[in-house]
Amino acid sequence: MPELPEVEVTRRRIEPHLVGRRIRTVRTTAASYLFMTPPETLRRRLRGRTTTALGRLGKYLIAELDDRRRLVIHLGMTGQLFSQTASSLRLLAASTRQALAPEEQVDFRPDAHTHFRLAFDDDGPGVYFRDVRKFGKLLLLEPDERHPRLERLGPDALEVHGELIFRASRKRRVPIKQLLLDQSLLAGVGNIYADEALFLSGVRPGRRAERLTHRECDLLAEAVRRVLRRSIETGGSSIRDYVAPDGRDGAYQFERHVYAREGEACFACGSAVRKRVIAQRGTHYCPTCQK
DNA sequence: ATTCCAACCTGATAGC
DNA sequence: TGCTATCAGGTTGGAA
């Protein structure tokens with residue numbers, strides 16, 4: 001699900017629910033793929049702690065705790081981090097959804113996919129982490145501990161410069177889209193915004209990286225920054241599962257140019273948007289506007 | 001060194 | 001209606 005804009009919107013809106021509140025209890029599901037730190041360790045170490053700051057590196061959220069440990073959260077494909085008070089159909093299984101009368105609102109009740117729940121001393125609303133596919137990650141770092149997952153990340157995609165893409169793309173025969181998705185080159189771009197940025201810069205996703213001119217790299221970097229900034233402004237893309245911590249949908253899906261628009265008319269030239277697999281991902285582009 | 005691709009999971013939906 | 005195949009905002013690790 002979530003790329004840089006969705007993670008940043010999540011960070012901004014969950015921050016007030018997390019920072020400065022003392023954790024009373026931690027509830028988890030059983031050990032599984034998403035717990036890089038065993039759930040019993042999380043429960044033991046987090047009880048009584050207070051979050052002092054919430055940061056972001058690429059698609060990772062990093063909560064700094066008052067004992068100098070850090071809780072790292074990655075939302076994977078279907079991860080949702082939200083307040084107990086959030087209400088959204090996206091937090092419900094389709095079966096539950098269908099049983100609901102139209103317009104009916106229900107408070108979220110933790111289900112089998114709600115793997116991590118924080119309750120606080122102030123008795124206010126809890127903070128929940130739900131992840132159907134369990135591709136998300138929870139990891140507790142010791143003070144000053146480094147971790148390859150974070151060490152490997154390139155500069156944040158909001159700050160990418162054409163020069164970075166130009167240098168990295170020399171003598172690389174892979175499609176330019178594959179480079180954009182490489183988190184060790186720049187951190188935060190995923191499948192939606194790779195396709196969108198390539199459209200905005202007029203570059204075909206399948207172009208060999210080494211064939212891009214310096215000017216095209218500049219345009220591409222500018223497009224990456226622009227599309228990410230704009231998506232953050234609109235609250236991110238709610239196409240499938242993404243919901244903000246307050247239960248609200250993002251709105252960038254209404255502004256997208258090519259992603260998930262196969263067969264529909266390009267807004268710029270009217271050609272039908274095409275879809276094919278590039279870098280093992282579904283890839284959308286305009287055959288006329290992108291060279 | 002670079003590129004490819006299966007694996008990690010579950011659910012929704014398109015197609016027969 | 002019902003079953004099966006395919007696809008999904010991600011990342012890693014190991015094979016080719």
Side-chain angles (χ1 to χ4, degrees), chain A residues 1-10 29-36 57-61 72-81 89-98 111-115 130-139 147-154 157 168-197 206 208-210 224 227-228 231-232 234-244 249-253 255-256 258-263 275-284:
Chain A
M1 135 178 105
E3 307 180 31
L4 187 149
E6 291 75 32
V7 177
E8 176 59 21
V9 171
T10 297
T29 50
S32 71
Y33 189 64
L34 71 78
F35 290 104
M36 296 184 77
L57 274 183
K59 302 175 192 171
Y60 291 84
L61 289 173
V72 179
I73 304 169
H74 192 287
L75 301 178
M77 291 277 265
T78 53
Q80 299 165 319
L81 186 67
L89 295 180
R90 296 190 194 275
L91 298 171
L92 272 33
S95 50
T96 315
R97 221 176 290 171
Q98 280 155 13
D111 61 359
H113 303 304
T114 311
H115 300 291
R130 181 173 185 268
D131 184 359
V132 169
R133 288 177 76 180
K134 292 189 275 197
F135 287 177
K137 291 284 174 274
L138 288 174
L139 166 67
H147 193 279
R149 281 246 186 186
L150 302 179
E151 295 282 310
R152 261 200 293 268
L153 295 176
S169 59
R170 297 309 91 182
K171 299 188 180 168
R172 294 294 302 273
R173 302 168 67 79
V174 291
I176 184 61
K177 174 167 177 177
Q178 185 168 327
L179 245 55
L180 288 182
L181 294 176
D182 182 351
Q183 303 298 300
S184 68
L185 178 64
L186 68 165
V189 175
N191 208 32
I192 295 176
Y193 301 108
D195 284 4
E196 292 296 312
R208 287 172 190 257
E210 63 185 358
V224 167
V227 72
L228 296 179
S231 181
I232 292 169
T234 60
S237 297
S238 290
I239 292 171
R240 265 187 132 69
D241 305 298
Y242 178 70
V243 64
D249 275 5
Y252 191 79
Q253 66 275 17
E255 296 190 17
R256 82 206 124 92
V258 287
Y259 184 82
R261 294 198 63 237
E262 183 184 14
K275 177 179 182 184
R276 66 189 195 92
V277 174
I278 294 172
Q280 291 84 239
R281 310 294 299 274
T283 300
H284 316 76

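Computed over heavy atoms, backbone and side chain alike; hydrogens, waters and symmetry mates excluded.
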Q: Tell me, please, which residues at least two apart from Arg133(A) pass side-chain hydrogen bond (donor to acceptor under 3.5 Å, both in side chains).
A: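 side-chain hydrogen bond (donor to acceptor under 3.5 Å, both in side chains) check on Arg133(A) returns nothing, list empty.
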Please report, rounded to the nearest Å, how far the [atom2] atom of [N] is from the [atom1] atom of [X].
| X | N | atom1 | atom2 | value |
| --- | --- | --- | --- | --- |
| Ile176(A) | dT3(B) | CD1 | P | 12 Å |
| Tyr242(A) | dG10(C) | OH | P | 14 Å |
| Glu3(A) | dT11(C) | CD | C1' | 13 Å |

Q: Answer yes or no for Lys137(A) and Tyr33(A): cation-pi contact, defined as NZ/CZ to six-membered ring centre under 6.0 Å and angle to ring axis within 45°.
A: yes
Q. Charged N to carboxylate O under 4.0 angstrom, Glu3(A) versus Lys59(A)?
A. no
Could you tell me the separation between the [atom1] atom of [X] and the [atom2] atom of [Y], rounded to the nearest 0.5 Å?
| X | Y | atom1 | atom2 | value |
| --- | --- | --- | --- | --- |
| Gln80(A) | Asp241(A) | CD | CG | 6.0 Å |
| Leu153(A) | Leu150(A) | CG | CG | 6.0 Å |
| Thr283(A) | Lys177(A) | OG1 | NZ | 3.0 Å |
| Thr78(A) | Arg240(A) | OG1 | CZ | 10.5 Å |
| Ile192(A) | Arg256(A) | CD1 | CZ | 8.0 Å |

Proximity to the side chain of [X] - top-ranked nucleotide from [options]:
| X | options | answer |
| --- | --- | --- |
| Gln280(A) | dA8(C), dC5(B), dT11(C) | dC5(B) |
| Tyr259(A) | dG13(C), dT3(B), dA8(C) | dA8(C) |
| Lys275(A) | dC7(C), dG10(C), dT3(B) | dC7(C) |

Q | Paired stretches of DNA chain B - 3 or more consecutive Watson-Crick or G-U pairs, each distance under 3.5 Å | A | B:2-8 with C:10-16, B:10-16 with C:2-8
**Q.** nucleotides 9-16 of chain B: protein proximity per nucleotide (B base, S sugar-phosphate only, - neither; heavy atom, under 4.0 Å)
**A.** BBSS----
Is there a side-chain contact between [X] and the phosphate of [N], meaning an N or O under 4.0 Å from OP1 or OP2?
| X | N | value |
| --- | --- | --- |
| Arg172(A) | dA1(B) | no |
| Gln183(A) | dG10(C) | no |
| His74(A) | dT11(C) | yes |

Q.
For Tyr193(A) and Tyr252(A), take the angle between the two ring planes, folded into 0 to 90°, and tell me which bin it lands in: parallel under 30, tilted 30 to 60, perpendicular over 60.
A. tilted
